[in-house]
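To keep things clear, I will list the structure first and then write my remarks on it.
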Amino acid sequence: MSDIQLLPQVQAFLDRDHGLFIDGRHVAAHGSEKIDVVSPANAQVISRVSNANSEDIDAAVASARQGFKTWSQTAPAVRSSVLHKLADLMEQHGEELAQIETLQSGKIIQISRAFEVGMAANFLRYFAGWATKITGQTITPSLPSFNGEQYTAYTLRQPIGVVVGIVPWNFSTMIAIWKLASALTTGCSVIIKPSEFTPLTILRIAELGMQAGLPAGALNVVTGMGKVGQALIEHSGTDKVSFTGSVPTGIAVGKTAFGANLTRATLELGGKNSVGFLADVDIDKAVNGAIEAGFLHSGQICAAAERFFAPRHRIDELMDKLSLRLKALKIGSPLDESTEFGPVTNRVHQQKLGAFFDKARAEHCTIVHGGRLIEREGFYVEPTVILANSVNDSLLNEETFGPIATFLPYDDEEEMLALMNNTPYGLSASLWTNDLGKAMRMVPRIEAGTVWVNMHTLLDPAVPFGGIKASGIGREFGEAFIDDYTELKSVMIRY
Ligand code: NAD
């Protein structure tokens, strides 16, 4: 097989002189600083975007404040139908968006089509449905009245204002959609700051947003380095930040937000997610589970598993069969439809993964499979299986965010639970067993925001998602996100 043919509109989009998306249109940035967008498949520069400066940030915030005035007064049913229209437009332009996404992120084209377009449109429609269902409560006040007067009370859920959505590079379209859809369905306006590595697709989606009927200023996109995100949070005209990214950056974002007059913050951060294979697990299902949990999109998924605990008497068979499956994976160009395993998204990340392989060797872990960078153009690493010596080994404690599954054997299931919880993070975890009753008793004892049984990584817009411990604050999806994008106002009436 070979690479698919790029659509002419994709090349034309890459060739544009990209500015920022402010006030409903593309505008040139005030400064002249540019950022190269590099293809992970061949390390070539494919496009350039602007690094916004303080004048650009002021303009984006002014636009979003104006957009908030209009959009927050737009009837919920209209908000809902505009977001539905945007989902339809994303699907109509699906191949174009998928190709741009694969070019900038190295994600294999099948994943771009299925997740960055198809799944993102599904999430958008789910959020669109909430616009017409946001309610308060009617409350009978509890205290006795003094002179026979009566009281009644009710609550209102009101949009928080201008939201800054800061997005990482791993699912740059879908995560941007989660943020803009949460903001827009609740009546907020939004400024998206994409990752400097993957800024392109959302610039195109902003245009589709206008076509769908968003008023000018409701959705803005400001490209740039991390400092641009920081300046947006610090700006007195923004009210909330919804951040997805690494733990150290998330902690810095939280401090900035609290220091900026208690700007509200939702933090969706990284993790070091565990898989527990129980003693009775079917080995073939466990192998499929390890592939699903650890290797989809080269492990560059926040909820992906990196720590695998398996019963001592079954671990060798499990690792051998997993290695055979990984050996058979077709590694290649992400634009080739037959490729099963593509590059990682940027050179810095590839080098970081190389350093993890060195660390594993220095700590005398056994490299069961892989463990090297791949010598070819672009940013490729081998899918890797490692056997650790102890729960203290670096590969069982530091987030690699790559295709590295590190295993440790256990002797009894109480020990397995303790090992799974022995981490400062708590984003996700999974249990694999035929004994559902046993799994159900273990679920409440696992310290993670999401626990899967006999599955891993699948996110559904109806099911809340977010971290406990050092993996974050707040929840996306379900009904839970509404609390984070609205303020609760109480109204009391005497009569
Ligand atoms: P990152 O933290 O380096 O960057 C994320 C975003 O923050 C980028 O847009 C970056 O420009 C911006 N940024 C950097 N410094 C900033 C600052 N001081 N103030 C404001 N913004 C700043 O993360 P990354 O390398 O892009 O993404 C990988 C990380 O994201 C992994 O740790 C992964 O686990 C995490 N992640 C978490 C989730 C989740 O839902 N919990 C989802 C995807 C990725």
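Both counts, for ligands and for their atoms, begin at 1 and track the order of listing. The figures that follow rest on heavy atoms only: side chains count, while hydrogens, waters and symmetry mates do not.
Summary of contacts: the protein heavy atom closest to atom 2 (O) of ligand 1 is Ser246 OG, 2.7 Å.
When Trp130, Phe123, Tyr126 are each tested for a ring-ring contact (aromatic ring centres under 6.0 Å, His included) with Phe477, only one passes: Phe123.
When the heavy-atom distances from atom 15 (N) of ligand 1 to Thr223, Thr249, Val228, Ile233 are ranked, the shortest goes to Thr249. Considering Cys302, Gly245, Ala304, Gly271 only, the shortest heavy-atom separation from atom 40 (O) of ligand 1 involves Cys302.
Note: Phe197 and Trp169 have perpendicular aromatic rings, judged against thresholds of 30 and 60 degrees for the angle between ring planes.
Looking only at atom types and distance, the side chain of Thr201 has a donor-acceptor partner in the side chain of Gln104 under 3.5 Å away. Thr450 and Trp452 share no side-chain donor-acceptor pair at under 3.5 Å.
If you look at Phe401 next to ligand 1, the close heavy atoms, those under 4.0 Å, all belong to the side chain. In Pro194, the part holding a heavy atom less than 4.0 Å from any atom of ligand 1 is the backbone. Only the side chain of Phe465 comes within 4.0 Å of ligand 1, counting heavy atoms alone; its backbone N, CA, C and O stay farther away. Neither the backbone nor the side chain of His349 comes within 4.0 Å of ligand 1, counting heavy atoms alone. Contact annotation for Phe171 and ligand 1: no heavy atom of the residue comes within less than 4.0 Å of the ligand. Heavy atoms of Val247 found under 4.0 angstrom from ligand 1: none, in either backbone or side chain. By the criterion of a heavy-atom distance under 4.0 Å, the side chain of Val253, and not its backbone, is placed next to ligand 1. With a 4.0 Å heavy-atom cut-off, ligand 1 is reached by the backbone of Leu269 but not by any atom from C-beta on.
For Leu458, the side chain to side chain contact (heavy atoms under 4.5 Å, CB included) partners two or more places apart in sequence, or in a different chain, are Met455. Here His30 pairs with Asp56 under the side chain to side chain donor-acceptor pair (under 3.5 Å) rule; sequence neighbours left out.
Short contacts between ligand 1 and Ile175, defined as distances under 4.0 Å to a heavy atom of the residue, involve ligand atoms 42 (C), 43 (C). Ligand 1 places these atoms under 4.0 Å from at least one heavy atom of Ser195: 9 (O).
With respect to Glu487 and Arg264, a salt bridge is recorded, a charged nitrogen being found less than 4.0 Å from a carboxylate O.
At a threshold of 4.5 Å between non-hydrogen side-chain atoms, the residues Phe127 and Thr186 do not count as touching.
Atom 4 (O) of ligand 1 lies below 4.0 Å from none of the non-hydrogen atoms of the protein.
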